[in-house]
Each structure stands twice: as structure tokens, then as C-alpha cells.
Amino acid sequence: MLAQINQWIDDTNQAFKEKRVSCDFLSTAFAGYYQRPFLENAFYVCLEKLPKPDFPQLRQAGFGDFIDMQANAITYKNVYYILPSAMAIERVHFHELVHVAQWQHLGDLAFIERYMAEIQHCGYADAPLEKMAYALDTVYAQAGAKIDVLAHVKESL
């Protein structure tokens with residue numbers, strides 16, 4: 001199933017390639033957290049509905065709640081999809097960029113496998129990859145000490 005999900009992600013990212021926008025416009029807002037080369041190679045696509053793989057096998061494996069969950073954004077590799085209502089919320093962008101860093105550090109199949117295992121065993125709110133992203137976006141939202149997110153992700157995983 002991992003290969004099927006990975007292929008779906010590749011197909012989805014390819015289908016929206018012409019609509020993606022580089023995150024380098026966030027370099028000033030996220031200075032001290034993310035370096036410009038990372039932001040230049042991370043992208044977002046604004047859509048009215050977030051794309052999610054809705055395979056029967058995923059629902060049978062217990063991911064129906066996750067598939068149906070209302071979210072502001074979702075990340076696949078170095079691209080995140082965001083709702084128009086969340087576009088102006090920097091914290092959402094920050095959070096999704098943490099996931100981009102996690103994808104980069106773990107690699108595609110390892111990220112998918114780990115994320116799915118965490119959702120199954122811990123639930124979305126307590127999944128360690130999500131908890132890391134929420135903790136870091138909270139530091140940003142509270143104007144806490146600047147932290148090199150890429151280094152933090154690497155050290156934490």
C-alpha cells in the first residue's frame with residue numbers, strides 16, 4: 001500500500017505542478033527558522049478542497065477519520081495544499097513547512113510508513129510528527145526564540 005500511496009502523491013503533485021507557488025515569499029517572516037534555499041524548494045497550492053488518497057484499503061486499515069478530517073492544509077513531500085481561508089495564516093504555512101522538512105529528512109516511503117503508524121497507534125493529535133510540527137509552530141506564533149527548524153527536525157527524528 002505504501003507504493004500505491006507514494007504513486008498517488010507523485011501523480012497529485014504532478015497534476016498541480018503548474019499551480020504551485022514557491023514558499024520563498026516567506027523568507028522574511030520565517031528568517032531564523034527556515035533558510036531561503038529550503039523555502040525556494042518548498043511549494044504550496046491553494047485549493048478549495050484538499051486532495052487526500054481515498055483508497056478502500058486505507059479506510060479498511062482505520063484511516064477513514066483521517067481521510068474525512070477537516071484540515072486547513074496537508075503536505076505531500078515538498079508541496080503542501082492549503083485552503084483559501086488559511087492562506088493568510090502564517091502559522092499554517094510554518095506548520096506545513098515542518099512537515100516538508102520531515103519528509104526531506106526521512107525520505108518518501110519512510111515518512112509515509114511512519115506517519116501512518118503514528119496515526120494508527122497514537123491518533124492524529126498525539127502522533128509524534130504532528131506534535132513536533134505543532135510545538136514548532138507554537139514557538140513561531142509566540143515569537144519565541146528562533147530555532148533552525150531543519151536542524152531541529154534532523155536532531156529530533
Side-chain angles (χ1 to χ4, degrees), residues 2 5-6 8-10 12-13 16 20-47 49-53 58 61-157:
L2 294 178
I5 294 168
N6 194 45
W8 179 89
I9 289 169
D10 286 343
T12 299
N13 285 347
F16 290 102
R20 70 184 193 177
V21 178
S22 174
C23 293
D24 65 343
F25 77 99
L26 295 164
S27 62
T28 301
F30 295 165
Y33 296 100
Y34 295 105
Q35 295 180 5
R36 187 174 203 111
F38 172 81
L39 294 173
E40 289 172 348
N41 291 300
F43 303 90
Y44 75 86
V45 177
C46 185
L47 295 174
K49 183 176 184 227
L50 301 179
K52 293 185 183 178
L58 284 172
F63 291 100
D65 287 346
F66 177 78
I67 293 167
D68 297 334
M69 179 178 73
Q70 297 298 313
N72 287 318
I74 193 162
T75 302
Y76 301 125
K77 301 184 181 187
N78 69 331
V79 180
Y80 60 91
Y81 297 84
I82 187 168
L83 297 176
S85 59
M87 274 298 299
I89 306 169
E90 285 181 350
R91 186 173 181 172
V92 174
H93 291 273
F94 193 98
H95 179 101
E96 297 308 317
L97 287 166
V98 173
H99 290 312
V100 171
Q102 292 168 339
W103 275 91
Q104 285 185 354
H105 182 71
L106 291 171
D108 299 346
L109 294 177
F111 178 91
I112 295 166
E113 184 174 35
R114 179 169 173 173
Y115 194 85
M116 289 176 66
E118 289 181 5
I119 297 295
Q120 278 186 315
H121 295 112
C122 306
Y124 173 81
D126 291 320
L129 291 170
E130 284 299 338
K131 286 174 80 170
M132 180 190 300
Y134 280 112
L136 289 169
D137 80 44
T138 298
V139 169
Y140 172 74
Q142 294 175 350
K146 302 229 173 165
I147 181 172
D148 181 336
V149 173
L150 299 181
H152 179 80
V153 167
K154 183 177 180 180
E155 292 168 10
S156 300
L157 292 177

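- Listed by chain and residue number, nothing satisfies the salt bridge (Lys or Arg N to Asp or Glu O under 4.0 Å) test with D148 (two or more places apart in sequence, or in another chain).
- Contact record, N72 with L50: C-CD1, 3.9 Å, taken as the closest heavy-atom pair.
- Separation of the H93 and Y44 ring centroids falls under the 6.0 Å cut-off.
- Residues passing the side-chain hydrogen bond (donor to acceptor under 3.5 Å, both in side chains) test with Y140, sequence neighbours excluded: E90.
- The salt bridge (Lys or Arg N to Asp or Glu O under 4.0 Å) search around E130 returns none, not counting sequence neighbours.
- Atom CD1 of I147 is separated from atom CG of L136 by 5.5 Å, given to the nearest 0.5 angstrom.
- One finds the OG1 atom of T75 at 10.0 Å from the CG atom of N78 (value rounded to the nearest 0.5 Å).
- Shown here for I119 and A127, the closest heavy-atom pair between the two residues is CD1-CB, 4.1 Å.
- Listed by chain and number, the residues in a salt bridge (Lys or Arg N to Asp or Glu O under 4.0 Å) with D108 are K77 (sequence neighbours excluded).
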Donor-acceptor pairs under 3.5 angstrom involving side-chain atoms of residues 150-157: please list them, not counting sequence neighbours.
| from | atom 1 | to | atom 2 | distance (Å) |
| --- | --- | --- | --- | --- |
| H152 | NE2 | S156 | OG | 3.4 |
| S156 | OG | H152 | O | 2.8 |

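- For NZ of K146, the number of neighbouring non-hydrogen atoms (other residues, nucleotides, ligands) closer than 6.0 Å is greater than 12.
- Proximity of N6 to I112: side-chain heavy atoms (C-beta onward) are separated by under 4.5 Å at one or more points.
- Evaluation of the side-chain hydrogen bond (donor to acceptor under 3.5 Å, both in side chains) rule for Q120 yields no partner, not counting sequence neighbours.
- The two residues L47 and P84 come nearest to each other via the heavy atoms O-CD, 3.1 Å.
- Between P51 and W8 the shortest side-chain heavy-atom distance falls below 4.5 Å.
- Side-chain contact between L97 and L39 is present, with heavy atoms from C-beta onward closer than 4.5 Å.
- Taking Y34 as the reference, F30, F38, F94 meet the ring pair (Phe, Tyr, Trp, His ring centres under 6.0 Å) condition, with sequence neighbours excluded.
- A donor-acceptor contact closer than 3.5 angstrom is absent between the side chains of E40 and S22.
- With sequence neighbours excluded, the residues that form a salt bridge (Lys or Arg N to Asp or Glu O under 4.0 Å) with R114 are E118.
- Every residue two or more places apart in sequence or in another chain was checked for a side-chain hydrogen bond (donor to acceptor under 3.5 Å, both in side chains) with N41, and none qualifies.
- Contacts of Y134 classified as ring pair (Phe, Tyr, Trp, His ring centres under 6.0 Å), with partners at least two apart in sequence or in another chain: H95.
- For the pair Q102 and A133, the tightest heavy-atom approach, listed with the atom from each and the gap, is NE2-N, 4.4 Å.
- In this structure the side chain of M116 reaches within 4.5 angstrom of the side chain of I5, judged on heavy atoms.
- Judged by distance alone, with hydrogens and angles left aside, the side-chain atoms of H121 form a donor-acceptor pair with the main-chain N or O of A117 at under 3.5 Å.
- The OG atom of S27 sits 14.5 Å away from the OH atom of Y33 when rounded to the nearest 0.5 Å.
- Taken from OH in Y76 to CG in N13, the straight-line distance is 9.0 Å, to the nearest 0.5 Å.
- Nearest heavy-atom pair across V100 and A42 is CG1-CB, 4.2 Å.
- For F111, the ring pair (Phe, Tyr, Trp, His ring centres under 6.0 Å) partners at least two apart in sequence or on another chain are W103, Y115.
- Looking at residues two or more places apart in sequence or on another chain, you find no side-chain hydrogen bond (donor to acceptor under 3.5 Å, both in side chains) involving K52.
- To the nearest 0.5 Å, atom CD1 of residue I74 and atom CE of residue M69 are 7.0 Å apart.
- The line from CD1 of I89 to CG of D137 is 11.0 Å long, rounded to the nearest 0.5 Å.
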